[in-house]
Amino acid sequence: AAGVGQQWVLVEMVQAFYEAPAYHLILEGILILWIIRLLFSKTYKLQERSDLTLKEKEELIEEWQPEPLVPPVPKDHPALNYNIVSGPPTHIITVNGKECINFASFNFLGLLNNEKVKSAAQASLKKYGVGTCGPRGFYGTFDVHLELEDRLAKFMRTEEAIIYSYGFATIASAIPAYSKRGDIVFVDEAACFAIQKGLQASRSNIKLFKHNDMADLERLLKEQETEDQKNPRKARVTRRFIVVEGLYMNTGDICPLPELIKLKYKYKVRIFLEESLSFGVLGEHGRGITEHFGINIDDIDLISANMENSLASIGGFCCGRSFIIDHQRLSGQGYCFSASLPPLLAAAAIEALNIMEDNPDIFQTLRAKCERIHKALQGISGLKVVGESFSPALHLQLEESCGSRENDVKLLKRVVDYCMNSGIALTQARYLEKEEKCLPPPSIRVVITVEQTEQELDKAASLLKEAAQSVLN
Amino acid sequence: INHIVHNGGLYKRPFNEAFEETPMLVAVLTYVGYGVLTLFGYLRDFMRQWKIEKCQNATEREEQKDFVPLYQDFENFYNRNLYMRIRDSWNRPICSVPGAKVDMMERVSHDYNWTFTYTGRVIKDIINMGSYNYLGFAQKTGACQEAAAKVLSQYGAGVCSTRQEMGNLDKHEELEKLVARFLGVESAMAYGMGFATNSMNIPALVGKGCLILSDELNHASLVLGARLSGATIRIFKHNNMQSLEKLLKDAIVHGQPRTRRPWKKILILVEGIYSMEGSIVRLPEVIALKKKYKSYLYLDEAHSIGALGPSGRGVVEYFGLSPEDVDVMMGTFTKSFGAAGGYIGGKKELIDYLRTYSHSAAYATSMSPPVVEQIITSMKCIMGEDGTTIGEARVQQLAENTRYFRRRLKEMGFIIYGNEDSPVVPLMLYMPAKIGAFGREMLKRNIGVVVVGFPATPIIESRARFCLSAAHTKEMLDTALKEVNEVGDLLQLKYSRRRLVPLLDRPFDETTYEETED
């Protein structure tokens, strides 16, 4: 019965063959021939790599000469010969063997040499030793870290704070944790190098707006809005951020935060604020630019600062709402893959915070001194003061450049040397010339700290006048 | 697969590395485990979305609800549903010096690890097998701590300036000279953070038009540094010299893609000890290849400095090679020296260039003085210059501990990855549930271990990692081994079938970026 059934199916097949239309048979015939051809042809090579013989390849390998690993650096390069500071970089500093008054270290609140801070660090050293021997995830979380994070969050009146062991890595790890490829970041031209590296690591679209120019920023935001309307699906998943600094390191200006908040809600952009210079300087209690302008701190999505300026320790922190900060505990590269902050430095920072909370009048004192020297430095022939009157880190730039950056740097070096020989320690602001996006002009950095007396401020001002007179005229 | 390489000429000592294959049944069960967890994850997400279950995530502000969402739901799927269940194995807070024994703050969770509360009790004297304390310099008493205390009272804790401005203290100069002497190189430079040493100096050395050949399992800092430099990156299989040679040949013969211009320079990035695998780089072969193809070698000795070699000078001494063959010797002070920071050592031109053009020298604050003093004292101790033989004794103790511990674990029947001489000992767990179970069971028995899962390791190869220390005495190791044995029996972790197949060279694998026809 099976044999008959099979024969019957065969007859049906042959019948169907005769009954099929011609085009159908031709098409099937062509397909069968194509399959046979594919089965028997050689495999397809992506790239023809075998046009060079083995001997030719060996010759190429012999001939190839790489560049030297590093190009030679001229011996008189301005950044090569460092100043050697013997002893602590406190108010009276010994640079290259000469004792000077320190106008170059960012020790705004004078906490570097504070006895209470040092004894807190000593106590921590006796309890924990120096290093933590591990990242935060693997037995590197000490109770000191948790306490410092708690204190910083309370001080800044946010929900949570997270600590990094290196100031530069703080903002450079925070930005790529949120902003990824395809997102858009609007950043000020004068942003510091750490922000630039964070943006580069994030692979997002970067749009620079002119320094402190809100009209330019609004123009860029409007352009982005018209782009969004063309492609609403993409716009719904593209995150947008504005990255600004409270007090700019490169120019000493303050950022117009109230206008930024208005732009934030109008165009639905998140704000990341970098407060390295303004933390512990601006505001009635030193809480930074948000306190200075009286803005609700929850309006800023993320505040990042380093503890190396006002707090005179090492490291950095980010603070904000838990919704935002908690994400960095798993995706902040500088947090997850790096050893945690040595506990003695965390204890020093906690003690420094205590001092800041107990003496809120040092901020007023600092501001008064900044105003004083700002006024005193006006009118120096050949040098102009760049920076706000209450900014503790000013720049002195040449009024007229003498042609090339190299010559400007040399000229400023002579001014600095003159001052150093007469007992005021200053330094030029150092940049990596080829790496910066918008290279600031060469300048002398003047840093005001709470420990400088009024006589010293006046002495510095008059010395700078003298130096400018003798060198630039 | 077990390689025992004795071949003459390049290797002066047996190079014994083993990566036993995952047993088939275990692999299948692991996938099944992850599948079940994923299904449950979807179910819970569904319940949370429909408010059947309380959502305990932090949420966006009311005023910003119409902004573009900051996180995509799917990105956090793993975080919410798998990581959160066993979150208590990580970020364990301690409150004493991270030495051989450590005190941990007890914490409990009443809502399945979403929040933790501290009971206030301290669990004392947990044997610490998780901290990177290879030579036992994490101490709160002793010469190092006293020297650091003196420097702290003299210099203070911070520096408040960069190296190129006013932050270069005499202590830093002293440290750099000492590091150069320790490594046997012409000159060295020190930085405040090991991660930043890689991510800020690799971009200074290579740029566009250069080629970076990086090992598959390199650390995140090396990957970030390579990406930030703008050079082309090609990956070779982990510790596989044929793969590296093929990439080198192809790179020189064919030049840059599309334009066919010759490469400006080729930089090979390898690590001394890979911390997740416990394997040691095949340095003699890498150096032979580097010389043949005229490329440059960047060696990251984060885990191997102080831990390998008869006098603790790292992987270069371990193989009996000369430090001049390695172009850039990088390492960190966090692991063997009990401090923080990193260094780069090499020829004087290299270090002069880095002093001028390194991102860290121009923009980042320099190292804190007490930390610098700790490194100086511990380094002098290892070199024997402080007049005692403590350093030498510790290096030998670490080597003995390593051999003993690994041998005993292998005898018990666990699968242990890596080289016989590496103080990093990964013990394979595979299944997701065992990750949490191992960590918790060991803590119950007063031993602190580190467990790692995805994404630090491939998804089915989760492991527990033991970091041995010269501070561990034989009694501590025996206690730990006894407990590991017990937990291993309890959780059925003894997977090893001891397949010792002597293979002299690994068979050639295809590279990751092109197809070949063999």
Side-chain angles (χ1 to χ4, degrees), chain A residues 46 57 60-61 64 66-67 69-70 72-73 77 79-80 82-86 88 104-107 112-113 118 121-122 125-126 128-131 133-134 137-139 141-143 146 165-169 193 200 239 268 308 312-314 322-323 333-334 337-339 342 345 348 427 430 432, chain B residues 58 60 67-68 90-95 97-98 130-133 138-140 145 148-149 152-153 155-161 164-166 168-170 192-193 195-196 220 228 252-253 262 264-265 294 296 327 334 338-340 349-350 352-353 355-356 362-365 368 371 374 450 515:
Chain A
L46 274 172
K57 286 188 185 177
L60 279 171
I61 293 176
W64 179 66
E67 281 182 6
L69 181 58
V70 286
V73 178
H77 195 285
L80 181 56
Y82 295 167
N83 295 323
I84 302 188
V85 175
S86 1
S105 300
F106 290 111
N107 183 13
L112 193 62
N113 212 13
K118 280 199 224 178
Q122 290 276 17
L125 180 59
K126 281 202 183 57
Y128 298 106
V130 175
C133 299
F138 303 150
Y139 301 98
T141 306
F142 285 54
D143 45 356
L146 298 172
S165 55
Y166 203 50
F168 189 100
F193 195 71
Q200 194 186 352
R239 296 173 275 243
K268 314 240 182 304
E308 292 159 0
S313 179
I314 304 274
S322 291
F323 175 69
Q333 292 226 314
F337 296 110
S338 173
L345 296 169
T427 178
R430 298 274 180 216
L432 287 176
Chain B
E60 181 68 273
F67 280 42
V68 176
W90 294 289
N91 292 303
R92 290 183 174 158
I94 67 179
C95 50
V97 67
S131 291
Y132 301 134
N133 181 21
Q139 293 169 307
K140 59 183 183 180
Q145 185 265 345
L152 174 60
S153 61
Y155 283 82
V159 185
C160 303
S161 189
Q164 284 184 357
E165 294 184 12
M166 203 55 80
N168 183 38
L169 307 177
D170 47 359
M193 188 197 200
F195 185 97
L228 285 178
I252 301 181
V253 164
K264 287 197 201 155
K265 43 189 157 185
K294 290 177 270 196
Y296 301 111
D327 301 289
T334 328
E349 298 91 52
L350 171 70
D352 279 344
Y353 183 83
R355 281 164 87 98
T356 324
Y363 294 105
T365 315
S368 160
V371 173
Q374 159 82 11
V450 160
E515 266 196 298

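The sequence lines fix the lettering, A, B, ..., with proteins before strands; numbering per chain opens at 1.
Listed for the B:Glu60 side chain is no donor-acceptor partner under 3.5 Å among the backbone atoms of A:Phe323. Under the 3.5 Å distance criterion, the side-chain polar atoms of A:Lys57 are left unmatched by any main-chain donor or acceptor of B:Val253. Between the B:Lys265 side chain and the A:Glu67 main chain, no donor and acceptor come within less than 3.5 Å of each other.
Of the listed residues B:Ala138, B:Ala196, B:Pro262, B:Ser368, the one with more heavy-atom pairs under 4.5 angstrom with chain A than any other is B:Ser368. Interface check for chain A: of the options B:Asn168, B:Leu350, B:Leu169, the most heavy-atom pairs under 4.5 Å are formed by B:Asn168. Taking A:Gly137, A:Gly134, A:Ala104 one by one and counting their heavy-atom pairs under 4.5 Å with chain B, the maximum is reached by A:Gly137. The greatest number of non-hydrogen atom pairs below 4.5 Å with chain B, out of A:Gly131, A:Cys133, A:Pro88, A:Gly167, is found for A:Cys133. Per-residue counts of heavy-atom pairs under 4.5 Å with chain B were compared for A:Gln333, A:Gln122, A:His77; the largest is that of A:Gln122. Taking chain A as the reference chain and counting heavy-atom pairs below 4.5 Å, the highest number among B:Thr334, B:Leu228, B:Asp352 is found for B:Leu228. The choice from A:Phe138, A:Tyr139, A:Phe106 that makes the most heavy-atom pairs within less than 4.5 Å of chain B is A:Tyr139. Among the candidates A:Leu69, A:Asn113, A:Leu146, the residue making the largest number of heavy-atom pairs closer than 4.5 Å to chain B is A:Leu69. Between chain A and the options B:Asn133, B:Val371, B:Val450, the largest number of non-hydrogen pairs under 4.5 Å is found for B:Val450. Here A:Ala312 is the residue among A:Ala312, A:Ala348, A:Ser322 with the most heavy-atom pairs under 4.5 Å with chain B.
Both the backbone and the side chain of A:Ala121 come within less than 4.5 Å of a heavy atom of chain B. At a 4.5 Å heavy-atom cutoff, the contact between A:Pro342 and chain B is made by side-chain atoms alone. Using a 4.5 Å cut-off between heavy atoms, A:Val73 touches chain B through its side chain atoms alone. Of the two parts of A:Leu432, the backbone and the side chain both hold a non-hydrogen atom closer than 4.5 Å to a non-hydrogen atom of chain B. If you measure heavy-atom distances from B:Ala362 to chain A, the contacts under 4.5 Å come from both the backbone and the side chain.
At a threshold of 4.5 Å between non-hydrogen side-chain atoms, the residues B:Pro98 and A:Phe142 count as touching. Side-chain contact between A:Asp143 and B:Pro93 is absent, with no heavy atoms from C-beta onward closer than 4.5 Å.
Distance CG/A:Leu80 to OG1/B:Thr356: 4.5 Å, rounded to 0.5 Å. Here B:Ile252 contributes atom CD1 and A:Ile61 contributes atom CD1; the two are 5.5 Å apart, rounded to the nearest 0.5 Å. Note: A:Tyr166 OH to B:Thr365 OG1 = 7.0 Å, rounded to the nearest 0.5 Å.
Across all their heavy atoms, B:Lys294 and A:Pro66 have their closest contact at O-CG, 3.3 Å. Of all the heavy atoms in B:Val97 and A:Gly129, the pair that sits closest is CG2-N, 4.2 Å. For B:Ala157 against A:Leu345, the heavy-atom pair with the smallest separation is O-CD2, 3.5 Å. Taking each heavy atom of B:Glu165 and A:Asn83 in turn, the nearest pair found is O-ND2, 3.5 Å. Of all non-hydrogen atoms in B:Ala148 and A:Val130, the two that sit nearest each other are CB-CG2, 4.1 Å. Pairing each heavy atom of A:Tyr82 with each of B:Gln164, the nearest pair is CE2-CG, 3.6 Å.
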Checklist line | A:Tyr128/B:Lys140 under side chain to side chain contact (heavy atoms under 4.5 Å, CB included): CA gap, chis, key distance, verdict | finding: CA-CA 6 Å; A:Tyr128 298 106; B:Lys140 59 183 183 180; over 6 Å; no
Next item on the list: Check the pair A:Leu125 / B:Gln145 against side chain to side chain contact (heavy atoms under 4.5 Å, CB included), numbers first and verdict last.
Entry: CA-CA 7 Å; A:Leu125 180 59; B:Gln145 185 265 345; 4.0 Å; yes
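Residues satisfying the side-chain hydrogen bond (donor to acceptor under 3.5 Å, both in side chains) criterion with A:Ser105, sequence neighbours excluded, are A:Asn102. With sequence neighbours excluded, the residues forming a ring-ring contact (aromatic ring centres under 6.0 Å, His included) with B:Tyr363 are A:Phe193, listed by chain and number.
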